[in-house]
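First the proteins, then the strands, lettered A, B, ... as listed; each starts at 1.
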Amino acid sequence: DVKVTQSSRYLVKRTGEKVFLECVQDMDHENMFWYRQDPGLGLRLIYFSYDVKMKEKGDIPEGYSVSREKKERFSLILESASTNQTSMYLCASSLPDSFPSGANVLTFGAGSRLTVL
Amino acid sequence: SQQGEEDPQALSIQEGENATMNCSYKTSINNLQWYRQNSGRGLVHLILIRSNEREKHSGRLRVTLDTSKKSSSLLITASRAADTASYFCATANAGGTSYGKLTFGQGTILTVHP
């Protein structure tokens, strides 16, 4: 069964800590994404990557960075966590646009709920 | 920026009834998708409708798309308690290379009472 795995379901961190959220997919997908989900705001795109070592900012990249050293792994980094980064973080992957079918369809991980105290 | 706006924000029905959720968007799209999210979990893809399609069916799901009104609706027929979840529409914008980016709405919370 194909899937996207997020390493931590729940994390509690302190303000100022560096936080790593890891995401691994086993579908050989080119595209990978990090979204955050907050009540009343839906899902907002933080960063995405369309190839190894390639990354693009999404709608809310401030306070975050990403790393994609291998095709299957996409990491989200909070350099100095703040309380307003308390949220549910969702990783997803998809086939590239060039595929005639299945492109744009996202497969999501189970989510990582981060609390910053 | 938010592309899809869903209506209603919450919907409560009895088992066996139909549930209809609506989504409006602002820009030209390649396709529109609906996802489902069970409480505290990730999203699961339900159905995709392309910009040149008007209606699509999958099991108990029926999706319509009206590009002139920039709106879509998701109908779940003969609902079950297990359909209780949040439902999100998501759009893939037209033009250029999107790299698969989707813009999500805020979601509709559906509660189906046994």
Side-chain angles (χ1 to χ4, degrees), chain A residues 1-6 9-10 23 25 27 29-51 54-60 68 74 87-113, chain B residues 1-10 21 23-53 56 58 63 85-109:
Chain A
D1 194 19
V2 293
K3 60 183 177 182
V4 176
T5 303
Q6 294 184 231
R9 288 281 287 132
Y10 299 95
C23 175
Q25 51 97 1
M27 296 166 284
H29 283 173
E30 275 74 7
N31 300 331
M32 295 190 75
F33 307 84
W34 275 106
Y35 287 88
R36 67 175 279 178
Q37 182 178 21
D38 300 287
L41 297 177
L43 277 74
R44 294 179 291 167
L45 182 63
I46 305 172
Y47 267 97
F48 67 99
S49 169
Y50 53 90
D51 201 351
M54 305 304 291
K55 58 187 179 184
E56 294 283 343
K57 294 179 180 179
D59 298 318
I60 52 164
R68 192 159 180 208
F74 191 37
S87 186
M88 169 73 102
Y89 291 88
L90 294 164
C91 176
S93 69
S94 73
L95 290 167
D97 284 1
S98 56
F99 270 66
S101 65
N104 290 158
V105 173
L106 299 186
T107 300
F108 280 87
S112 297
R113 185 166 293 280
Chain B
S1 61
Q2 292 297 316
Q3 166 78 313
E5 297 291 333
E6 277 137 300
D7 169 55
Q9 290 187 333
M21 289 159 267
C23 170
S24 61
Y25 58 91
K26 296 173 183 169
T27 62
S28 296
I29 62 171
N30 279 331
N31 66 68
L32 184 145
Q33 303 175 39
W34 287 89
Y35 287 78
R36 166 195 169 124
Q37 183 182 36
N38 285 65
S39 180
R41 307 296 294 183
L43 280 71
V44 175
H45 178 258
L46 293 176
I47 194 166
L48 179 152
I49 186 165
R50 300 188 191 283
S51 59
N52 60 354
E53 296 175 317
K56 205 160 183 182
S58 177
V63 171
S86 295
Y87 292 82
F88 294 86
C89 70
T91 52
N93 291 347
T97 302
S98 70
Y99 298 116
K101 284 190 298 178
L102 296 182
T103 304
F104 285 82
Q106 297 176 4
T108 293
I109 301 171

Review point. Just by modelled atom types, is the Phe104(B) backbone N or O under 3.5 Å from a matching donor or acceptor in the Tyr35(A) side chain?
Key: no
Check your understanding: For the side chain of Gln37(A) and the backbone of Gly42(B), is there at least one donor-acceptor N/O pair under 3.5 Å apart?
Key -> no
Review point. Counting heavy atoms not belonging to Glu53(B), are there more than 12 under 6.0 Å from its CD?
Key: yes
Review point. Take atom CD1 in Ile109(B); do more than 12 heavy atoms of anything else shown fall under 6.0 Å from it?
Key: no
Exercise for review: Verify side-chain contact (heavy atoms from CB on, under 4.5 Å) between Thr107(A) and His45(B), making sure each step is shown before the conclusion.
Suggested key: CA-CA 7 Å; Thr107(A) 300; His45(B) 178 258; over 6 Å; no
Point to revise | chain A contact via Gln37(B) - which portion, at a heavy-atom distance below 4.5 Å | key: side chain
Practice item. Could you tell me which residues satisfy ring pair (Phe, Tyr, Trp, His ring centres under 6.0 Å) with His29(A), sequence neighbours excluded, listed by chain and number? Key: none
Review point. Mind checking what makes ring pair (Phe, Tyr, Trp, His ring centres under 6.0 Å) contact with Tyr47(A), not counting sequence neighbours?
Key: none
**Study point:** Nearest-0.5 Å distance that lies between atom CZ in Phe33(A) and atom NZ in Lys101(B)
**Key:** 9.0 Å
Practice item. Test side-chain contact (heavy atoms from CB on, under 4.5 Å) on Phe88(B) and Leu43(A) and set out the steps. Key: CA-CA 9 Å; Phe88(B) 294 86; Leu43(A) 277 74; 4.0 Å; yes
Check your understanding: Passes side-chain contact (heavy atoms from CB on, under 4.5 Å), Arg9(A) versus Arg41(B)? Steps please.
Key -> CA-CA 9 Å; Arg9(A) 288 281 287 132; Arg41(B) 307 296 294 183; 3.0 Å; yes
Review point. Taking all non-hydrogen atoms of both residues, which atom of Leu41(A) and which atom of Gln106(B) are closest, and how far apart?
Key: C-CG, 4.1 Å
**Study point:** Side-chain donor-acceptor pair present, Asn30(B), Asn104(A), cut-off under 3.5 Å
**Key:** no
Practice item. Assess whether side-chain contact (heavy atoms from CB on, under 4.5 Å) is satisfied between Leu102(B) and Leu106(A), documenting all intermediate values. Key: CA-CA 8 Å; Leu102(B) 296 182; Leu106(A) 299 186; 3.7 Å; yes
